[in-house]
Enquirer: 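Questions regarding the structure given below will be posed in turn.
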Amino acid sequence: MARVTVEDCVDKVENRFNLVLLAAHRARMISTGSELTVDRDNDKNPVVSLREIADETISPDDLNEELIHSLQKYVEVDEPESATVPLLEHTAATAPGDQPDVTFDQMSEDDLLAGLEGLVPPERSDD
């Protein structure tokens with residue numbers, strides 16, 4: 001391919017704005033030393049990046065992910081979720097097979113509302 005036109009690339013990347021973003025990002029990657037996937041043929045980096053997109057030697061989806069990653073300020077790291085730690089039910093007084101007696105205080109809805117009505121809101125400050 002001697003000359004790259006937008007029509008050669010639009011069928012690979014539907015949106016022309018996205019095409020410009022992806023080609024510019026790939027051209028920056030080439031200028032920082034990324035490996036070329038097509039022959040340079042004395043072309044400049046933007047033309048080489050368009051040729052790579054047109055020849056499908058580089059995936060537009062991969063370029064899009066790399067572009068998003070390069071623009072992120074805070075990168076979210078996928079860490080495995082920590083396993084839930086079982087509660088320590090065994091104390092010195094109970095045997096390993098015994099269940100300790102646990103009592104919970106229960107409050108009716110009316111008691112809760114009466115308690116909330118007695119609360120005084122904090123004073124406002126102009127801080």
Side-chain angles (χ1 to χ4, degrees):
M1 178 188 318
R3 183 177 289 199
V4 176
T5 62
V6 175
E7 286 77 25
D8 297 330
C9 300
V10 167
D11 57 341
K12 280 50 168 197
V13 180
E14 296 84 24
N15 188 340
R16 291 176 188 236
F17 179 74
N18 282 343
L19 175 63
V20 170
L21 286 177
L22 296 178
H25 177 66
R26 179 62 184 153
R28 279 187 232 105
M29 289 172 58
I30 293 170
S31 68
T32 59
S34 182
E35 292 291 323
L36 299 177
T37 59
V38 295
D39 292 332
R40 181 173 283 279
D41 291 335
N42 204 19
D43 290 329
K44 295 185 179 178
N45 293 341
V47 176
V48 171
S49 66
L50 285 171
R51 287 180 49 219
E52 287 177 338
I53 293 171
D55 291 345
E56 294 181 343
T57 59
I58 256 196
S59 168
D61 294 331
D62 293 340
L63 271 178
N64 194 24
E65 288 298 319
E66 290 175 9
L67 175 64
I68 290 170
H69 184 70
S70 71
L71 294 174
Q72 285 179 337
K73 292 182 181 178
Y74 303 104
V75 178
E76 183 177 316
V77 178
D78 291 334
E79 294 181 6
E81 293 183 16
S82 62
T84 57
V85 179
L87 296 174
L88 297 176
E89 296 179 5
H90 307 294
T91 61
T94 61
D98 294 338
Q99 293 292 328
D101 292 331
V102 178
T103 59
F104 295 99
D105 292 332
Q106 292 189 352
M107 180 184 290
S108 69
E109 185 177 340
D110 295 331
D111 293 337
L112 177 64
L113 289 174
L116 289 175
E117 288 175 357
L119 292 177
V120 178
E123 293 184 25
R124 290 188 125 183
S125 62
D126 293 331
D127 289 347

Enquirer: Is any side-chain heavy atom of Leu50 less than 4.5 Å from a side-chain heavy atom of Leu19?
Expert: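 The answer is yes; the side chains approach within 4.5 Å.
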Enquirer: Measure the CG-CZ distance between Asp62 and Arg26 for me, rounded to the nearest 0.5 Å.
Expert: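 One finds 10.5 Å between CG of Asp62 and CZ of Arg26.
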Enquirer: According to a 4.5 Å side-chain heavy-atom criterion applied to Ile, Leu, Val, Met, Phe, Trp and Tyr, with indirect links allowed, do Ile58 and Val13 form part of one hydrophobic cluster?
Expert: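 Ile58 clusters together with Val13.
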Enquirer: Under 3.5 Å, is there a donor-acceptor pair linking the side chains of Ser34 and Arg28?
Expert: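 Short answer, no.
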Enquirer: Are Leu112 and Leu119 grouped together when hydrophobic residues (ILVMFWY) are joined by side-chain heavy atoms under 4.5 angstrom apart?
Expert: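 Yes, because Leu112 and Leu119 connect within a single hydrophobic cluster, where side-chain heavy atoms sit under 4.5 Å apart.
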Enquirer: Linking I/L/V/M/F/W/Y whenever their side-chain heavy atoms sit closer than 4.5 Å, directly or via other members, would Ile53 and Met29 fall into one cluster?
Expert: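 Result: yes, single cluster for both.
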Enquirer: Within the supplied structure, the quantity of interest is the number of heavy atoms (other residues, nucleotides, ligands) at a distance under 6.0 Å from Arg40 CZ; does it exceed 12?
Expert: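 Counting neighbours around CZ of Arg40, more than 12 heavy atoms of other residues, nucleotides or ligands fall under 6.0 Å, so yes.
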Enquirer: Which heavy-atom pair separates Cys9 from Ala54 by the least distance, and what is that distance?
Expert: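 Smallest heavy-atom distance, with atoms named: SG-CB, 3.8 Å.
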Enquirer: Identify the two heavy atoms, one from Met107 and one from Asp111, that lie closest to each other, and give their separation to 0.1 Å.
Expert: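 Heavy atoms only, the tightest pair is CG-CB, 3.5 Å.
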Enquirer: Inspect the surroundings of CD in Glu109 and state if more than 12 heavy atoms from other residues, nucleotides or ligands are less than 6.0 Å away.
Expert: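 Counting other residues, nucleotides and ligands, CD of Glu109 stays at 12 neighbours or fewer.
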Enquirer: Assess the side chains of Thr37 and Glu52: does a donor N or O sit below 3.5 Å from an acceptor N or O?
Expert: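 Glu52 and Thr37 do have a side-chain donor-acceptor pair below 3.5 Å.
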Enquirer: Can you find a heavy atom in the side chain of Asn18 that is under 4.5 Å from one in the side chain of Asn64?
Expert: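 With C-beta onward as the side chain, the pair stays apart.
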Enquirer: If you look at every heavy atom in His25 and Leu63, which pair is closest and at what distance?
Expert: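 Here His25 and Leu63 meet closest at CD2-O, 4.0 Å.
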Enquirer: Under 4.5 Å between side-chain heavy atoms, counting indirect links through other Ile/Leu/Val/Met/Phe/Trp/Tyr residues: same cluster for Leu22 and Phe17 or not?
Expert: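 Linked, Leu22 and Phe17 end up in one cluster.
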Enquirer: Between Asp39 and Arg51, is there a side-chain N and carboxylate O pair less than 4.0 Å apart?
Expert: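 Not counted as a salt bridge, because no side-chain N and carboxylate O are separated by less than 4.0 Å.
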Enquirer: Honestly curious: do Val47 and Ile30 fall in one hydrophobic cluster under the side-chain, below-4.5 Å linking rule?
Expert: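 No; Ile30 is not reachable from Val47 via cluster members.
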Enquirer: Ignoring hydrogens, what is the shortest heavy-atom contact between Asn45 and Ser31? Give both atom names and the distance.
Expert: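 The pair with the smallest heavy-atom distance is ND2-CB, 3.5 Å.
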